[in-house]
Colleague: 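Sharing a structure here in C-alpha cells format.
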Protein chains: 2
Amino acid sequence: MTEELSVLHPDVVAKVKASMAAEETLYDLAELFKVFGDSTRIKILSALFQSEMCVGDIAVALGMTQSAISHQLRVLKQAKLVRYRKEGKVVYYALDDDHVKEIFHQGLNHINEDRR
Amino acid sequence: MTEELSVLHPDVVAKVKASMAAEETLYDLAELFKVFGDSTRIKILSALFQSEMCVGDIAVALGMTQSAISHQLRVLKQAKLVRYRKEGKVVYYALDDDHVKEIFHQGLNHINEDRR
DNA sequence: TAGATATATGAACATTTGTTCACATGTATA
DNA sequence: TATACATGTGAACAAATGTTCATATATCTA
C-alpha cells in the first residue's frame, strides 16, 4: 500500500466511493458469505432444507464425525443461519430463516447459468 | 470418521439424503460463496455495483495495492462474477450478471435482520 | 526505439481455517 | 447412583488463502 497510484478517472472513483456501503457492513457481509463458503456447512444447510435434524443424524447423513459437525454447527449458529431446540440429550437443528434458502437458491442459479 | 455413530431417526436420514443436491453441486456452491467470502472481493463487487472501473482506480478507491486487486480480480473473473474489456493498456472490469447483485442483496437482508 | 504506464503473475510468508483427538458436560435409565 | 449416550469444546496439526515484493508483459508516447 506504499506504492504511488495515479487515478485515471477521478470522477468515477469519487462517485463510487460515495456510493459504497459502510466498510463495516461490507466486512460483515463477507463474514456471512464465508460461512456459506465451506462444503461441510453447505451440506449441513442443504440437509436441514428438508427437515430439522439432530447432530448425530447429520453426521451419519454426511458421513462425517460428530465432532466435525458440532464444530460447524457452532459456526452456523453464530451466524444465525440455524437455530436449535433441546429435547433431553438430543439437540435438533433447523434453518433459522428464509434468507438462507434464498441465498442458497441464488447461488444455484448462478452455477446453473455457468453450465449453459 | 472411524467412530461408530448410531442413527436416531433412520427415516429422516434416508429422506434427507435422498433430497440433497448432488455432492458436486454442493461443492461448487461452496466454492462460489467462498469467492464472496472475502472483504476485499466484496468491496470490489460493491464498487463495480456503481459503474465499471479499471484496475488502478479500484486500487485507489479501496486504498489497496494494484497487485492485490489484480489477484482478486482474477478470482472474481474465474468465478464469472466479473467480466472485462481492454481499451489500450487499461482494463475495465464490470459485474458479469445480475445474480451477483441478488446474492449480494440477500446477504444484506440477512445482516440487517440480525440488527433488529 | 526508449521510456513510461497499466496490468498480470509467480514465489514467499504469515494468517486463517477445518478436521481430528481426547475429553468435558449434561441427561436418561438400569 | 452408576453407566451409557448425545453433544460440546480445547489443543494441535495440516491445508488453504491473501498480501507483498519483484518482475514480466503489453501498450502508448516522446
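Hydrogens, waters and symmetry mates play no part in the numbers below; they use all other heavy atoms, side chains included.
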Colleague: Which listed nucleotide (D:dT27, D:dA6, C:dT20) is nearest to the side chain of B:Lys86?
Modeller: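 Closest nucleotide to the B:Lys86 side chain: D:dT27.
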Colleague: Of all heavy-atom pairs between A:Leu32 and A:Ile103, which one has the smallest distance, and what is that distance?
Modeller: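 Scanning both residues completely, I find the closest heavy atoms to be CD2-CD1, 4.4 Å.
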Colleague: Measure the distance from CZ on A:Phe33 to P on D:dT17 and round it to the nearest whole Å.
Modeller: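 Rounding to the nearest Å, CZ of A:Phe33 and P of D:dT17 are 18 Å apart.
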Colleague: Do you know the tightest heavy-atom contact between B:His110 and A:His99?
Modeller: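 Heavy atoms only, the tightest pair is CA-ND1, 3.3 Å.
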Colleague: Has the side chain of B:Gln66 got a donor or acceptor atom sitting under 3.5 Å from an opposite partner on the base of C:dA8?
Modeller: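 Indeed there is one.
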Colleague: So B:Leu8, base contact, sugar-phosphate only, or nothing? Heavy-atom distance under 4.0 Å.
Modeller: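 Touches sugar-phosphate only.
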Colleague: I need the B:Ile44 CD1 to B:Leu95 CG distance, nearest 0.5 Å.
Modeller: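 Taking CD1 in B:Ile44 and CG in B:Leu95, the distance rounds to 11.0 Å.
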Colleague: Hey, is the side chain of B:His71 pairing donor to acceptor with the base of C:dT7 inside 3.5 Å?
Modeller: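 Per atom types, no contact qualifies.
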Colleague: For the base of D:dT9, is there a side-chain donor-acceptor partner from A:Ser67 under 3.5 Å away?
Modeller: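 In this structure, the two groups form a donor-acceptor pair.
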Colleague: Look at the side-chain N and O atoms of A:Ser6 and state whether any lies under 4.0 Å from the OP1 or OP2 oxygen of C:dA6.
Modeller: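 Indeed, a polar side-chain atom of A:Ser6 lies that close.
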Colleague: Taking CG from B:Leu62 and P from D:dT19, how many angstroms apart are they, rounded to a whole number?
Modeller: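 My rounded result for the distance is 10 Å.
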Colleague: If you assign B:Val91 and A:Glu87 each to the DNA chain C nucleotide with the nearest heavy atom, which residue ends up on the more 5' nucleotide?
Modeller: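 On the 5' side of the pair lies B:Val91.
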Colleague: For the side chain of A:Lys89, starting at C-beta, report the closest nucleotide among D:dT27, C:dT27, D:dG8.
Modeller: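 Side chain of A:Lys89 sits closest to C:dT27.
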Colleague: Can you tell me which nucleotide in C:dG18, D:dT7, D:dT20 comes closest to the side chain of A:Gln72?
Modeller: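 The answer is C:dG18.
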Colleague: OG1/B:Thr40 to NE2/B:His71 distance, rounded to the nearest 0.5 angstrom?
Modeller: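 So the OG1 of B:Thr40 and the NE2 of B:His71 are separated by 12.0 Å.
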Colleague: CE of B:Met64 versus P of C:dT7: gap in Å, rounded?
Modeller: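 Taking atom P of C:dT7 as the reference, CE of B:Met64 is at 16 Å.
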Colleague: What is the distance from CG of A:Asp38 to C1' of C:dT19, rounded to the nearest Å?
Modeller: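 After rounding, the reported distance stands at 10 Å.
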Colleague: How about A:Phe36 and B:Phe36: are their ring centroids closer than 6.0 Å?
Modeller: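 They do not qualify: ring centres at least 6.0 Å apart.
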Colleague: Which nucleotide sits closest to the side chain of A:Thr40: C:dG18, C:dT20, C:dT7?
Modeller: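 Looking only at heavy atoms from C-beta outward on A:Thr40, the closest nucleotide is C:dG18.
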Colleague: Rounded to the nearest Å, what distance is computed from the CD atom of residue A:Glu31 to the C1' atom of nucleotide C:dT16?
Modeller: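 It works out to 11 Å between those atoms.
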Colleague: To the nearest 0.5 Å, how far apart are NZ in A:Lys43 and CE in B:Met20?
Modeller: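 Reported to 0.5 Å precision, the distance equals 7.0 Å.
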Colleague: Please report the distance, rounded to the nearest Å, between CD1 in A:Ile69 and C1' in C:dC21.
Modeller: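 The distance from CD1 of A:Ile69 to C1' of C:dC21 comes to 16 Å, rounded to the nearest Å.
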Colleague: Mapping A:Ala68 and B:Tyr92 to their closest nucleotides on DNA chain C, which lands nearer the 5' end?
Modeller: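 Its nucleotide being nearer the 5' end, the pick is B:Tyr92.
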Colleague: Could you state the atom-to-atom distance from CE of A:Met53 to P of D:dA6 in whole Å?
Modeller: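 After rounding, the gap between these two atoms is 14 Å.
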Colleague: Between A:Tyr93 and D:dG8, does any side-chain N or O lie under 4.0 Å from OP1 or OP2?
Modeller: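 So the side-chain polar atoms of A:Tyr93 do come within 4.0 Å of the phosphate oxygens OP1 or OP2 of D:dG8, strictly under.
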Colleague: Tell me: CD1 of B:Ile44 to P of C:dT7, nearest whole Å?
Modeller: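 Interatomic distance, CD1 of B:Ile44 to P of C:dT7: 13 Å.
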Colleague: I want to confirm an ordering. Mapping B:Arg41 and A:Cys54 to their closest nucleotides on DNA chain D, which one lands closer to the 5' end?
Modeller: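 It is A:Cys54 whose nearest nucleotide is closer to the 5' end.
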